[in-house]
K.L.:
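Handing you this structure, nothing more for now.
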Amino acid sequence: MESFPKIISVDDHTVEPPHVWRDRLPSKYRDSGPRIVRAPLKEMTFIGGKFAPKMGAPGDDGPLADWWVYEELHRPLTRLDTAVGYDRDEVKLEAITYEQMRPGSFSVPDRLADMDVNHVQSALCFPTFPRFCGQTFTEAADRELGLLGVRAYNDWMVEEWCGPEARGRLIPLIIIPLWDAELAAAEVRRNAARGVRAVCFSEIPPNLGLPSIHTDDWDPLLAACDETGTVVAMHIGSSSRMPSTSADAPPAVGSTITFANCCFSMVDWLMSGKFERFPNLKVMYAEGQIGWIPYILERADVVWEENRGWGGVADKVLRPPSELFAEHVYGCFFDDAFGLRNLDAIGVGNVLYETDYPHSDSTWPKSREVGEAQMGHLAPDVVDRIVRGNAIELLGLTADGLWAGAPGV
C-alpha cells in the first residue's frame, strides 16, 4: 500500500510500575496493598489453561523475579507479560524483573517511542496486575481496600499513564469493583466525567462467581455505560479461565482456541435482551480475532428465527441477532487474514485493529507490514475505517485520533 493509515490499537497492555498503589493508597494500607517484592521463583506451571506460580523464600534456589504481593496473592512478572523485543523461540514461561523487560512496557516515553517504531498513533491499554477486568480486586477479602485499589488504578491510568506526557496518544481504560454493580456504575460515571470512554468487563462473569448478564444484576452498570457512552471492553481471559480441552493440555491447545470465550460471550449478549433495553450500549472483544464471527451470526439468526418460541428469548430479543451485532458489537484482531477475506459477512463498521504490545502474540514492530499484507485487497477507505476510523468513532477520539480528554488536546 502506498500509504497505510496510522494505527489506533484498541488492545495493548500496560505493565504497572511499582509505585501505582504505593503512591495512591492511604498510608495505613501501604504495607497491605499491592506492592512489589523481589524473591526467587520456586515453581511455575501453565497447564490446562491454569497459571500456577509459587514464590520462594529469601535464600531459596531459583531465579529472582519481581512479584506483586497482595493479601494471599503472589504473582510474578513473566516473560509472557512483556515479550516484545525477544525472538519467538526465546519467549518461555519464566519469571522476570522490571530490568529484564522492555521499558516501553511500563514507561510512557518509551511506550510512545515503541509506538512510533510500529506505525501506531494511539493505543488503548488493558491492565496486567489487576488482570483483564480487575478481578484481582474482586477476589480480595478486604472490600474497602479493594475499592481503593480500583480507584487508585483508575487515577493512575487517567492522570499518569494517559497524562500530559502521553500527549493524547494513550487512551484510558478503567476497571470497576465487579462485586457491586452500583459501585461499578458510580466508578464509570466518575471517570466519564473526566473523558473516559471505556471500561473493562468479564467475558463470562459466572466464571468469576458473579451473576450472568441474563440477570438484572448488572443493569445499574449497563445503564451507566449506556448513558455516558462508555464502551464495555472484554479481553480474552477476563473470566480468569482460558479455553482448554483437558487438565493436561499443553498451552498450545489453549493458544489456538483463545477466541472461544469471546464466541460464547457474544452469543450470551446477543440472546440477553440487553441491547434492546440499553440502545446506546456498545461492547468490544479484545484479542478475540474475527474469522469466527460470520458463522456464529448465521447460526444465531437461524436459532432466533426457528427456535425463539421455546428458546427463552422471544419476549426480549425482538430482532435478528445479526442486526443487534451490527449496531452494538465490535470484534478486534491483530492477525486474521481469513476474517478480512470475509469482511462483508462481519461488517466493515464492526472491526477494530490492535497490536497486542507487549505480549507474546504481538505483531510489534511489524503491525503495519502485517496489516498491509492482509488488507491489500481492500479499498483504502475500508482500510482506514478498520485501522483507525471505527476506533475514533467508538471511543470518542478527536478527528486526529487522540484521546479527547487528554491535557492540552
Side-chain angles (χ1 to χ4, degrees), residues 1 4-15 81-85 102 104-128 132 157 161-162 166-174 196-200 231 233-238 258 262 282-290 330-336 339-340 349-375 383-404 406 409:
M1 296 182 182
F4 193 77
K6 276 296 189 75
I7 298 166
I8 297 177
S9 175
V10 297
D11 171 30
D12 285 358
H13 299 264
T14 178
V15 176
D81 293 330
T82 172
V84 292
R102 193 171 183 86
S105 303
F106 58 88
S107 160
V108 170
D110 293 290
R111 173 60 64 94
L112 297 184
D114 278 354
M115 289 163 62
D116 290 339
V117 169
N118 201 31
H119 199 67
V120 173
Q121 179 187 25
S122 306
L124 182 80
C125 298
F126 283 82
T128 297
F132 294 146
M157 167 62 62
W161 183 253
C162 301
R167 305 191 304 276
R169 296 182 61 189
L170 295 173
I171 307 162
L173 173 63
I174 62 164
V196 178
R197 290 283 301 275
V199 59
C200 298
V231 181
M234 293 170 282
H235 195 285
I236 59 168
S238 56
T258 53
C262 296
K282 310 286 186 183
V283 305
M284 57 169 272
Y285 288 99
E287 208 172 322
Q289 311 299 346
I290 59 174
Y330 294 78
C332 312
F333 77 100
F334 58 82
D335 185 2
D336 192 342
L340 289 167
N350 298 86
V351 173
L352 305 167
Y353 199 40
E354 59 185 45
T355 77
D356 198 29
Y357 179 106
H359 282 184
S360 58
D361 269 342
S362 177
T363 50
W364 186 92
K366 297 183 177 180
S367 299
R368 174 180 181 169
E369 290 85 345
V370 171
E372 287 176 329
Q374 296 190 354
M375 300 183 209
V383 174
D384 188 79
R385 287 191 68 182
I386 293 171
V387 174
R388 58 185 291 110
N390 290 337
I392 289 174
E393 179 180 342
L394 179 65
L395 297 170
L397 307 180
T398 69
D400 295 329
L402 302 176
W403 175 42
V409 171

K.L.:
How long is the straight-line distance from OG1 of Thr258 back to NE2 of His235, given to the nearest 0.5 Å?
P.N.:
9.5 Å
K.L.:
Do Gln374 and Asp335 have side-chain atoms, one donor and one acceptor, less than 3.5 Å apart?
P.N.:
yes
K.L.:
Between atom CE of Met284 and atom SG of Cys262, what is the distance when rounded to the nearest 0.5 Å?
P.N.:
10.0 Å
K.L.:
Would you find more than 12 non-hydrogen atoms of other residues, nucleotides or ligands less than 6.0 Å from Glu369 atom CD?
P.N.:
yes
K.L.:
So Trp364 and Thr355, side chain to side chain contact (heavy atoms under 4.5 Å, CB included) or not? Walk me through it.
P.N.:
CA-CA 6 Å; Trp364 186 92; Thr355 77; 5.5 Å; no
K.L.:
What residues, two or more places apart in sequence or in another chain, satisfy salt bridge (charged side-chain N to carboxylate O under 4.0 Å, His left out) together with Asp81?
P.N.:
Arg75
K.L.:
Check Phe126 against Cys200 and note the closest heavy-atom contact, atom names and distance.
P.N.:
CD2-SG, 3.9 Å
K.L.:
For the pair Asp336 (side chain) and Ile290 (backbone), establish whether a donor and an acceptor sit closer than 3.5 Å, ignoring hydrogens and angles.
P.N.:
yes
K.L.:
For a quick test of reading the model, state the closest non-hydrogen atom pair linking Ser122 to Leu402 and the distance between them.
P.N.:
OG-CD2, 4.0 Å
K.L.:
Go through the steps for Leu112 and Arg167 under the test side chain to side chain contact (heavy atoms under 4.5 Å, CB included), then give the verdict.
P.N.:
CA-CA 10 Å; Leu112 297 184; Arg167 305 191 304 276; 3.8 Å; yes
K.L.:
Could you tell me the separation between the NZ atom of Lys6 and the CD atom of Gln121, rounded to the nearest 0.5 Å?
P.N.:
6.5 Å
K.L.:
Sub-3.5 Å donor-acceptor pair from the side chain of Glu287 to the main-chain atoms of Asp356, do we have one?
P.N.:
no
K.L.:
What is the minimum heavy-atom distance between Val10 and Cys332, and which atoms define it?
P.N.:
CG2-SG, 3.7 Å
K.L.:
What heavy-atom pair brings Arg169 and Val120 nearest, and what distance separates the two atoms?
P.N.:
NH2-O, 2.9 Å
K.L.:
Could you work out, with salt bridge (charged side-chain N to carboxylate O under 4.0 Å, His left out) as the rule, every residue matching Arg388, not counting sequence neighbours?
P.N.:
none
K.L.:
Looking only at non-hydrogen atoms, find the nearest pair between Thr14 and Cys125 and report the distance.
P.N.:
N-CB, 3.9 Å
K.L.:
Between Phe4 and Val383, is there a side-chain heavy-atom distance shorter than 4.5 Å?
P.N.:
yes
K.L.:
About how many Å separate CG of Leu173 and CZ of Phe132, when rounded to the nearest 0.5 Å?
P.N.:
11.0 Å
K.L.:
Return the CZ to NE2 distance between Arg111 and His13, rounded to the nearest 0.5 Å.
P.N.:
9.0 Å
K.L.:
Check whether any side-chain heavy atom of Ser9 sits under 4.5 Å from a side-chain heavy atom of Tyr357, and report yes or no.
P.N.:
no
K.L.:
Is there a donor-acceptor pair under 3.5 Å between the side chain of Arg197 and the backbone N or O of Leu397?
P.N.:
no
K.L.:
Which residue in the set Asp114, Asp110, Thr82 passes side-chain hydrogen bond (donor to acceptor under 3.5 Å, both in side chains) when paired with Arg102?
P.N.:
Asp114
K.L.:
Test side chain to side chain contact (heavy atoms under 4.5 Å, CB included) on Tyr330 and Leu394 and set out the steps.
P.N.:
CA-CA 9 Å; Tyr330 294 78; Leu394 179 65; 3.5 Å; yes
K.L.:
According to side-chain contact (heavy atoms from CB on, under 4.5 Å), who are the partners of Asn390, at least two apart in sequence or on a separate chain?
P.N.:
Leu352, Arg385
K.L.:
Return yes if some donor-acceptor pair links the side-chain N/O of His359 with the main-chain N/O of Asp12 below 3.5 Å, else return no.
P.N.:
no
K.L.:
Do Tyr353 and Phe333 have their ring centres less than 6.0 Å from each other?
P.N.:
yes
K.L.:
Please find the pair of heavy atoms, one from Phe334 and one from Val370, that lie closest to each other, and give the distance.
P.N.:
O-CG1, 3.7 Å
K.L.:
Please report the interatomic distance CD1(Ile392) to CG(Asp384), rounded to the nearest 0.5 Å.
P.N.:
7.5 Å
K.L.:
Are the side chain of Asp11 and the backbone of Ala286 linked by a donor-acceptor contact shorter than 3.5 Å?
P.N.:
no
